[in-house]
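Each remark here refers to the structure printed beneath this line.
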Amino acid sequence: MLLDDLDTSWPFPLWLAHRGAGKLAPENTLAAFKLGAAHGYRAFECDVKLSADHVPFLLHDDTLQRTTAGQGVAGELPWGQLSLLDAGSWHGRSHAGEPLPSLAAIARYVQGNGFALNIEIKPTTGTERETGLAVGKACADLWAGSSAPLLFSSFRPEALQGARETAPLVPRALLLDTLWDNWKTVARALECVAIVTNHTLMTADLRAELRANKWRALCYTVNEVIDVERLLGLGIDGIITDAVDRFSPVTSGDVN
Ligand code: G3P
Ligand code: MG
């Protein structure tokens, strides 16, 4: 899916599983993606950063200790060491030994299944531009010839700018946890096709403003029925959720 095609079609389904399958499996692992898929999810959000030797891989935090058996800043270790870490035992015994996935491994999985992927570029602090450049380059290679939908998002404009330089045809979305000054100017300058906000920020006025600017509107992390109903009422384009066992894409109006 190229930027030019997005005016008329939006290739993402309404429902995206957050970090693979939210909290039901170790986040940002292949096991999480498989669990999300088992619940009917066909689109996934995940967090991607760089190893010290510039291999893109999945991890949310700057540091390893919350979700792996390792310690310290993940981006200071080479992929050879990161790939040996246990990223599953923290969640439960049944996931002991689950590895951190490289982006290449996840690309093979989603493309093999025709799933859509929203890569949140999540740079180790201070590496925003180089992470965007490297993730863009990796994806331009990994998704070459694939029709599986791909979307970049980031809270960090420098990361999106880097990805734009190395993968200009992959659509981009600005992530917003607050409506900071000049976000619209920045999103326009980056030629974003979508805005992804904390769901508490989404109002009828903001939804209308996004529509007027031809930006698709997505929200994270939406886990309660009352919030889903409110967002559906606003005509939201995408819902990123942890609650893959509560919301079924098959029966929850996944029609856009
Ligand atoms: O991409 C949406 C959401 O994942 C952003 O927040 O902290 O869960 O990565 P976080
Ligand atoms: Mg994320």
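Just follow the structure's listing: the first ligand is 1, and inside any ligand the first atom is 1. Only this structure's heavy atoms are used, side chains among them; waters, hydrogens and symmetry mates stay out.
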Starting at [atom1] of [X], measure out to [atom2] of [Y] and round the result to the nearest 0.5 Å.
{"X": "Asp86", "Y": "Glu98", "atom1": "CG", "atom2": "CD", "value": "8.5 Å"}
{"X": "Ser153", "Y": "Arg172", "atom1": "OG", "atom2": "CZ", "value": "12.0 Å"}
{"X": "Thr63", "Y": "Leu59", "atom1": "OG1", "atom2": "CG", "value": "8.0 Å"}

Within the heavy-atom cut-off of under 4.0 Å, ligand 1 is lined by His18, Arg19, Glu45, Asp47, His60, Glu120, Lys122, Phe155, Leu175, Tyr220

Looking at [Y] and [X], is any side-chain nitrogen of the basic one under 4.0 Å from a carboxylate oxygen of the acidic one?
{"X": "Glu45", "Y": "Arg19", "answer": "no"}
{"X": "Lys49", "Y": "Glu128", "answer": "no"}
{"X": "Glu165", "Y": "Arg129", "answer": "yes"}

Mind checking how many protein N/O/S atoms fall short of 2.8 Å from the Mg ion (ligand 2)?
-> 3

List the atom pairs, with distances to 0.1 Å, where a side-chain N or O of residues 68-80 and a protein N or O form a donor-acceptor pair under 3.5 Å, not counting sequence neighbours.
{"residue": "Thr68", "atom": "OG1", "partner": "Leu64", "partner atom": "O", "Å": "2.9"}
{"residue": "Thr68", "atom": "OG1", "partner": "Gly70", "partner atom": "N", "Å": "2.9"}

Are Leu24 and Val244 side-chain neighbours, meaning at least one heavy-atom pair lies under 4.5 Å?
-> yes

Excluding sequence neighbours, so at least two apart, what forms ring-ring contact (aromatic ring centres under 6.0 Å, His included) with His91?
-> His95

